[in-house]
Amino acid sequence: MPLEGEYEPSPAQWVREQVELYESSGGTQGATLRDTGLPVVIVTMRGAKSGKIRKVPLMRVEHEGRYAAVASKGGFPHHPVWYFNLKADPHVDLQDGAERRAMTARELTGEEKDQWWQRAVAAYPPYAEYQEKAHREIPVFVLEPD
Ligand SMILES: C[C@H](OP(=O)(O)OC[C@@H](O)[C@@H](O)[C@@H](O)Cn1c2nc(=O)[nH]c(=O)c-2cc2ccc(O)cc21)C(=O)N[C@@H](CCC(=O)N[C@@H](CCC(=O)O)C(=O)O)C(=O)O
């Protein structure tokens, strides 16, 4: 059952536009990070305070049907706001290309986090630089099919 409610687009124009292109093309356009050619997924979640529907593009880090959500925000010193949304309500929809499925997010720690962090850096090497400069431990969630 897809998440329902009033969609509130991102205040960041490039993010908002990527979501619009991705969804309107059924994942055939806007599915990579600008000119990197690296694949992106769209995670739909519920705002922790507004209760509105939020849609967050993230780098695609997939392993055997499960995905990582890496709260890197380009290495900014603070977690992205969507981190608090997933902590408040872990039920999300993930769109990967044309496929959309209900998933549940679980924040990772310890060895499991290390394993997924390796997968994330392999998929998107700049994550390693972001961790260097962030002065916070970048949280990683695993998204598992319901
Ligand atoms: C700007 C802010 O965004 P944010 O949630 O901090 O997330 C920042 C970024 O992580 C987000 O824009 C990502 O999509 C950026 N981004 C990636 N961000 C990442 O962290 N990791 C990635 O791998 C990643 C990849 C990526 C690929 C393509 C692309 O276009 C963007 C990509 C935002 O949307 N703020 C809203 C509020 C959003 C929100 O969720 N509000 C909650 C309240 C939450 C609270 O305050 O507790 C609510 O509605 O209730 C606002 O200021 O109005």
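Both counts, for ligands and for their atoms, begin at 1 and track the order of listing. Computed from heavy atoms alone, side chains included, the values below leave out hydrogens, waters and symmetry copies.
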Check your understanding: atom 4 (P) of ligand 1: which of I42, V81, T32 has the nearest heavy atom?
Key -> V81
Check your understanding: Taking distance alone, with no angle check, do V15 and ligand 1 share an N/O pair under 3.5 Å?
Key -> no
Review point. Hey, is the main chain of G47 close enough, under 3.5 Å, to the side chain of N85 for a donor-acceptor pair?
Key: no
Review point. Can a non-hydrogen atom of K52 be found less than 4.0 Å from any atom of ligand 1?
Key: no
Point to revise | Proximity flag Y127 to ligand 1, non-hydrogen atoms under 4.0 Å | key: yes
Practice item. Run down the list A123, A71, P11 and name the one with the heavy atom closest to atom 53 (O) of ligand 1. Key: P11
Practice item. Working to the nearest 0.5 Å, report the span between CD1 of I53 and CG of D93. Key: 8.0 Å
Revision key, fill the gap. To the nearest 0.5 Å, atom CG of L143 lies from atom CZ of R101 at 10.5 Å
Check your understanding: Under 4.0 Å between a Lys/Arg side-chain N and an Asp/Glu carboxylate O for R106 and E112?
Key -> yes
Exercise for review: May I ask you to check whether Y130 and F76 place their ring centers less than 6.0 Å from one another?
Suggested key: no
Point to revise | Atom pair CD1 (I138) and NE2 (H79), whose distance is rounded to the nearest 0.5 Å | key: 9.0 Å
Point to revise | atom 12 (O) of ligand 1 touched by protein (heavy atom, under 4.0 Å) | key: yes
Exercise for review: With heavy atoms under 4.0 Å as the rule, classify the contact between Q18 and ligand 1 as side chain, backbone, both or neither.
Suggested key: side chain
Point to revise | Heavy atom of A48, distance to ligand 1 below 4.0 Å | key: yes
**Study point:** Part of L33 within contact of ligand 1 (heavy atoms, under 4.0 Å)
**Key:** side chain
Practice item. Of the side chain and backbone of W82, name the one, both, or neither that has a heavy atom under 4.0 Å from an atom of ligand 1. Key: both
Exercise for review: Check whether more than 12 heavy atoms from other residues, nucleotides or ligands sit under 6.0 Å from atom CD of E144, and answer yes or no.
Suggested key: yes
Point to revise | Minimum non-hydrogen distance to atom 37 (C) of ligand 1, winning option of E17, R54, K49 | key: R54
Review point. Looking at atom 22 (C) of ligand 1, is any protein heavy atom nearer than 4.0 Å to it?
Key: yes
Review point. N/O to N/O below 3.5 Å, does that happen between V70 and ligand 1?
Key: yes
Revision key, fill the gap. When rounded to the nearest 0.5 Å, the distance separating CD of E23 from CD of Q29 is 13.5 Å
